[in-house]
Amino acid sequence: MNPVISIALLLSVLQISRGQKVTSLTACLVDQNLRLDCRHENNTNLPIQHEFSLTRDKKKHVLAGTLGVPEHTYRSRTTFTSRHNIKILTLANFTSKDEGIYTCELRSSGQTPTTSSQNVDVLRDKLVKCDGISLLVQNTSWLLLLLLSLSLLQATDFISL
């Protein structure tokens with residue numbers, strides 16, 4: 001086999017496997033709803049299948065996704081949103097009965113499918129509230145935050161530019 005073709009094939013496989021790696025899974029409360037943010041790399045144009053699940057009492061419950069079949073009891077309570085590099089699941093009316101280990105699993109399509117997942121242990125008493133500032137910090141680059149804060153600091157005469 002031609003070495004150039006071998007290298008191109010290897011790079012395309014590496015591109016696919018990197019394209020769906022889960023980088024973080026966070027949980028917070030919005031009013032009485034649980035919000036799960038599954039951030040991931042997205043370096044491919046291939047479709048990425050996903051699944052959000054809850055493991056409680058050693059039993060896995062599929063909440064939403066394209067990999068498994070969501071359980072009927074969760075279908076009416078979940079809302080799913082997907083952007084370029086984040087998948088967001090909201091579980092309405094979160095109670096202590098919904099506590100457990102939540103998992104975000106991603107699988108890329110292609111000749112060599114790869115899977116990546118992350119878990120987060122969710123306890124109602126330990127959850128933080130989702131608020132504008134924390135969401136801004138989570139979704140905005142540090143450089144942009146620095147630029148935004150400079151104008152605020154200048155307005156309060158804390159620094160002069």
Side-chain angles (χ1 to χ4, degrees), residues 6-56 60-71 73-94 98-124 126-153:
S6 298
I7 291 172
L9 183 61
L10 178 63
L11 288 176
S12 67
V13 168
L14 289 175
Q15 173 84 3
I16 291 169
S17 66
R18 275 196 63 214
Q20 53 76 45
K21 181 181 177 194
V22 177
T23 56
S24 71
L25 178 61
T26 58
C28 61
L29 277 177
V30 179
D31 298 322
Q32 296 299 315
N33 304 325
L34 174 67
R35 176 180 163 154
L36 296 167
D37 291 356
C38 181
R39 287 180 175 68
H40 58 89
E41 295 176 354
N42 192 1
N43 302 324
T44 181
N45 291 332
L46 295 174
I48 298 174
Q49 295 179 308
H50 67 279
E51 178 181 276
F52 282 92
S53 63
L54 162 64
T55 302
R56 184 181 59 231
K60 178 180 173 181
H61 305 274
V62 177
L63 305 175
T66 57
L67 290 172
V69 178
E71 291 185 14
T73 54
Y74 293 105
R75 284 185 195 162
S76 62
R77 294 178 55 203
T78 58
T79 306
F80 175 76
T81 307
S82 181
R83 294 190 205 125
H84 176 69
N85 63 345
I86 186 170
K87 300 202 178 327
I88 301 169
L89 180 81
T90 303
L91 178 63
N93 304 317
F94 181 78
D98 298 314
E99 293 179 341
I101 300 170
Y102 285 80
T103 303
C104 172
E105 181 179 336
L106 302 180
R107 185 177 301 155
S108 68
S109 343
Q111 291 182 333
T112 54
T114 56
T115 302
S116 177
S117 66
Q118 288 231 351
N119 300 327
V120 63
D121 196 9
V122 176
L123 300 172
R124 184 161 176 76
K126 305 280 183 190
L127 279 174
V128 296
K129 298 265 186 209
C130 302
D131 57 3
I133 296 298
S134 69
L135 291 177
L136 181 68
V137 170
Q138 290 175 3
N139 294 321
T140 308
S141 72
W142 285 104
L143 181 59
L144 183 58
L145 278 176
L146 177 63
L147 292 173
L148 291 172
S149 63
L150 284 176
S151 62
L152 179 64
L153 291 173

Salt bridge (Lys or Arg N to Asp or Glu O under 4.0 Å) between Arg77 and Asp98, worked out
CA-CA 11 Å; Arg77 294 178 55 203; Asp98 298 314; 2.6 Å; yes

Residue pair Val122 / Ala27: nearest heavy atoms and the distance that separates them
CG2-CB, 3.8 Å

Measuring from Ser76:OG to Asn93:CG, what's the distance to the nearest 0.5 Å?
9.0 Å

Any Leu127 side-chain heavy atom under 4.5 Å of Leu34 side chain:
yes

Could you check Phe94 against Arg124 for side chain to side chain contact (heavy atoms under 4.5 Å, CB included), going step by step and ending with a plain yes or no?
CA-CA 8 Å; Phe94 181 78; Arg124 184 161 176 76; 3.5 Å; yes

Once you round to the nearest 0.5 Å, how far does CZ of Arg107 lie from OG of Ser117?
10.0 Å

Please examine the side chains of Phe52 and Thr103, heavy atoms only from C-beta on, and report whether any two atoms are closer than 4.5 Å.
no

List the atom of Asp31, the atom of Lys129, and the distance in Å for their closest heavy-atom pair.
O-NZ, 4.1 Å

Within a strict 4.5 Å, meaning less than it, do heavy atoms of the Tyr74 and His61 side chains meet?
yes

Spacing of Leu106 atom CG and Gln49 atom CD [to the nearest 0.5 Å]
10.0 Å

Rounded to the nearest 0.5 Å, the CG atom of Asp37 sits from the OG1 atom of Thr26 at a distance of 4.0 Å

Which heavy atom of Pro70 sits nearest a heavy atom of Ala64, and at what distance?
CG-CA, 3.9 Å

Looking only at side chains, do Thr90 and Asn33 share a donor and an acceptor under 3.5 Å apart?
no

Who are the ring-ring contact (aromatic ring centres under 6.0 Å, His included) partners of His50, not counting sequence neighbours?
Phe80

Donor-acceptor pair between Thr23 and Arg39 side chains, under 3.5 angstrom
no

How about Val69 and Val62: do any of their side-chain heavy atoms sit closer than 4.5 Å?
no

Hydrogens and angles aside, do Lys21 and Ser116 bring a side-chain donor and acceptor to less than 3.5 Å of each other?
no

Could you check whether any side-chain heavy atom of Thr79 comes within less than 4.5 Å of a side-chain heavy atom of Leu89, counting everything from C-beta outward?
no

If we only count heavy atoms from C-beta on, is the Gln118 to Val22 side-chain gap below 4.5 Å?
yes

Any salt bridge between Glu51 and Lys60, counting N to O under 4.0 Å?
yes

Please step through side chain to side chain contact (heavy atoms under 4.5 Å, CB included) for the pair Ile88 and Arg35, ending with a clear verdict.
CA-CA 7 Å; Ile88 301 169; Arg35 176 180 163 154; 3.4 Å; yes

Tell me whether Asp121 is salt-bridged to Lys126, with the criterion being a basic N under 4.0 Å from an acidic carboxylate O.
no

Beyond-backbone contact of Leu63 with Tyr102, side-chain heavy atoms, under 4.5 angstrom
yes

Check whether any side-chain heavy atom of Leu36 sits under 4.5 Å from a side-chain heavy atom of Lys87, and report yes or no.
no

